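Note that this is a predicted model, so its numbers are computed, not measured. Both ligands and their constituent atoms are indexed starting at 1 by order of listing. Just so you know, residue 1 is the first one in the sequence shown, and it goes up from there.
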Amino acid sequence: MGHYVRAFTEGSKEQKDLLGGKGANLAEMTRLGLPVPPGFTITTEACRFYLATGTLPPGLEQEVEDHLAALELEMGRSLGDSDDPLLVSVRSGARFSMPGMMETVLDIGLNDESVLGLAAASGNERFAFDSYRRLLQMFGATVLGVDADAFAVELDKLKAERGTYADVELDAADLRGLVATFKEVIRRHTGRDFPQDPREQVHAAVLAVFSSWLTERAVVYRRQEQIPDDLGTAVNVQAMVFGNRGSRSGSGVCFTRDPASGAPGVYGDYLADAQGEDVVAGIRNTVHLTELEAIDKTSYDALLEVMRLLERHYRDLCDIEFTIEAGRLWILQTRVGKRTAEAAFRIAHAMVGEGLIDPDESLRRVTGGQLAQLLFPRFDRSAARELLTIGVGASPGATSGRIALTSARAATWGALGEDVVLVRRETNPDDLPGMIAARGVLTARGGKTSHAAVVARGMGRTCVCGAEQLDIDVERGEVMVSGHTLQEGDVVSIDGTTGEVFLGAVPVTDSPVLRHLEGSSPDEADELVAAVAFVMEHADRVRRLEVRANADTAEDAARARRFGATGVGLCRTEHMFLGPRRELVERLILAADDAAREAALAELQPLQRADFVELLREMDGLPVTIRLIDPPLHEFLPDHTELAVQVALEDSLGKRDERHHTLLEAVARLREQNPMLGLRGVRLGIVVPGLVAMQARAVLEAAADRVEAGGDPRPEIMIPLVATAPELALVRAQVEEMAGSIRADRGVELPVRIGTMIEVPRAALTADEVAQHADFFSFGTNDLTQLTWGFSRDDVEAAFFPTYRDRGILAASPFESIDVEGVGALVTSAADLGRQVRPELHLGVCGEHGGDPRSIHFFERAGLDYVSCSPYRIPVARLEAARARLV
Ligand code: ADP
Ligand code: MG
Ligand code: MG
């Protein structure tokens, strides 16, 4: 057996790394005994060798020769034969599916002689020359680098001469002429003749597929989908079967369930008298698969049987490419199908019900990102709206935006922050940048399996396709539909579930899933709601991590609790210093002496206490972590420049204001070069007398109020920005003293835990010392990331992250997804150090990362006790915490 080449009979679906997804599944289907045209796979290893060295691995060409010879023997036909030639396809196929990104060449092996053989053997000259012109077109464009338009122009010209739009109406003589024209196009563009030697065609096509890994659109797609750049692609060489042999032949694509909604049933598109690439390209409009039953019942039944078999075998939604050649069904590809978020949940739930998968597996079949998509609002059914047309709902969501008619326009407007809907006749891989930038995609051609639909679903973009009434004129920048003429830049709204297209912006309402998760509508009759309910219930059984909320107000806390939060992990008290209380804070800062400062604090204290009472009531029985004031005090004062201008103006008008002068002095005194690293966090508590005592009193009196009212308050006081153990010790002592005195005064039990944020690297590095004074650690991963990297978040994200990403220095922003190697290592070692000193130390995280799926998986591995995130992320965090336990 060769080293770099495997026959389809040798592999299995587990070998995706080596054979690519397409090759592994072709092998699997061959093993299952399905009607797969025979062939072989050149491994990804060979591609990696080629990409690294620029040459083919030694012996590869001979291996390919041997396998071709074996294929000829098996098929009883040979390449280039002038009687009944063997034709092959050369198909790319990487580890991860990259729809339409890479190259495939069909009908290889045709030349001036074998085309006559094919015509004679099939008794169909038209078919033979149609295949030859396809080869010239595909080989010319992908292998020889001729501009694809050069062929399209000639084809259009010919169709125009014949007065037809459909390529099926061209006859044998037309196609014979077209072959001559295409050969001339190749000669003109490359200075060489189309290679007549079939083996030369195969080898050149293999090289072209290898190289297509590096095309720009493939690179862009991989970046978007976070697929590593160094995997390479496999190449499949497969005996051709022909869907373009007349009306009893055809090609199609199908799904074993609806990939848009997840509903059971047969979904797919079929095109008679066509080769596979015609189906997705939207060249002619396909028919719904169910119509195949009337056209060719035997093949239809056989296909249904294959669909059932594959779904049970893969235990998942399968996406299948097939061709019927003269009444005989061939399966050309299958893979686990891409699906919308809605379909993912419904299929996972249904398959548990059908006994295909267990409940744990249902958690692997959905993601937090998909759940987040289901929480998006929908169009308001009761709002007045004008329907323009209805297409195929191909990727759900409800989106309004300005019409952009080209990918470039969509990308430009998207970069400016505009909401854009990309409107195209059909999309192709070159439209990718526009699709990424747009909120939605609307096309005039193509079904649920078209390029636009597949890519939009993968990216979570709303998509309506096949809206055939759209008449798009890119040159004039206009779209005509239902008597309206819309200009590029006008607003439309598209519903990716129903396929509806509306004029202007349509108002939206809450999603039923959101309402369910909030507990306000137990609408279990809705299949999707039932599926989400099932998955979430199981997630809560499986997960170990607690999920708490970042909530500053009682209202946020109440919402978070409805979403399933089991506590507040971060209540930022600085929000309680804003609004009308600003004036008190000013007095506090400006206080000339102890008495004035204490007076201001004394007024603030009951206000804060009232806030805490509300918060503790909403979270009764659950922990509430309250962070002492964190930002620098001057953030509560007016801006220095504005105030200086105002004071100068007042003085010049002879209206000197003493208070403004004092304020300006204070602002100038408190101004910092680098506020992030200045007088903030625990440092404030140490420097400003009475501040910690005031806040501690407010929390503890509130707790005492709740105890007296029969409640069960569980306050936790959290000290921010601690760098060294003595800071924490000092503040802790003040809080404990206050607790002691309130317990004595009010005669109640006051449970309170005192802990610290770990957000300064020094605290993480000395966590064993810090832990001696802490009941809990809460990792503040925002500051910890800033300080570990030396990045000021607000400055770097716009300034150079894009460059860093392009240059491959950063894969993702460390502010979005935790940097496991760096910041993560600090978290793990601090957790270990802390627990060495205090085994019962409670560990959590309260940065933005607490709601990020990849970060949550890390926190599970690191053994933390909880994550805390914003209320709307809580369902996502519950789900991902469970998923993190399963991998
Ligand atoms: P992609 O990865 O872009 O889907 P494929 O390798 O699947 O590319 O090929 C493109 C089209 O050509 C598909 O529709 C497929 O069904 C068709 N095709 C590929 N190989 C053959 C073959 N041996 N016989 C007939 N059609 C084929
Ligand atoms: Mg395919
Ligand atoms: Mg912080």
Nearest neighbour of atom 9 (O) of ligand 1 from the list Thr104, Asp278, Val279, on a heavy-atom basis: Thr104
Arg222 versus Asp229, closest heavy-atom pair with distance: NE-OD1, 2.7 Å
May I ask you to test the Leu136-Phe194 pair for a side-chain heavy-atom distance under 4.5 Å? yes
For atom 18 (N) of ligand 1, the closest protein heavy atom turns out to be Leu106 CD2, 3.5 Å
Between Arg126 and Glu169, is the closest basic N to carboxylate O distance under 4.0 Å? no
Determine the sole option in Asp130, Asp107, Thr323 for which the side-chain hydrogen bond (donor to acceptor under 3.5 Å, both in side chains) test with Gln275 is passed. Asp107
Please tell me whether Glu342 and Thr340 have a donor and an acceptor in their side chains that are separated by less than 3.5 angstrom. no
Cationic N near anionic O, under 4.0 Å, Asp230 to Arg48: no
Tell me, please: is Met98 in heavy-atom contact with ligand 1, that is, under 4.0 Å? no
What is the closest protein heavy atom to atom 2 (O) of ligand 1, and at what distance does it sit? Lys22 NZ, 2.7 Å
For ligand 1, indicate whether the residue Met240 contacts it via side chain, backbone, both or neither (heavy-atom separation under 4.0 Å). both
For atom 13 (C) of ligand 1, the protein heavy atom that lies nearest, with its residue and separation: Glu321 OE1, 3.2 Å
What do you reckon, does Val241 have a nitrogen or oxygen under 3.5 Å from a nitrogen or oxygen of ligand 1? yes
Hey, is the main chain of Ser78 close enough, under 3.5 Å, to the side chain of Asp81 for a donor-acceptor pair? no
Could you tell me whether the side chain of Ser114 and the main chain of Gly117 form a donor-acceptor pair under 3.5 Å? no
Output yes if Gln333 passes the N/O/S-under-2.8 Å test against the Mg ion (ligand 2); output no otherwise. yes
Give the residue, atom name and distance (to 0.1 Å) of the protein heavy atom nearest atom 19 (C) of ligand 1. Arg91 NE, 3.2 Å
Looking only at protein heavy atoms, which one is nearest to atom 27 (C) of ligand 1, and what is the separation? Leu332 CD1, 3.6 Å
With heavy atoms under 4.0 Å as the rule, classify the contact between Gln275 and ligand 1 as side chain, backbone, both or neither. neither
If we only count N/O pairs under 3.5 Å, is Gln333 in contact with ligand 1? yes
Proximal heteroatom of Glu321 relative to the Mg ion (ligand 2) (N/O/S): OE2
Nearest-neighbour protein heavy atom for atom 3 (O) of ligand 1, which is reported as residue plus atom name and distance: Gly100 N, 4.0 Å
Mind checking whether Pro37 has an N or O less than 3.5 Å away from an N or O of ligand 1? no
Report, in ascending order of atom number, the atoms of ligand 1 lying under 4.0 Å from any heavy atom of Gly276. 14 (O)
Got a salt bridge between Arg134 and Glu277, using NZ or NE/NH1/NH2 to carboxylate O under 4.0 Å? yes
Donor-acceptor under 3.5 Å (Ser407 side chain, Gly434 main chain): yes
Please write down residue, atom name and distance for the protein heavy atom closest to atom 20 (N) of ligand 1. Ser89 OG, 2.9 Å
Ranked by distance from atom 11 (C) of ligand 1, the top protein heavy atom is Glu277 N, 3.9 Å
Is a side-chain N or O of Thr44 found less than 3.5 angstrom from the main chain of Leu19, in a donor-acceptor match? no
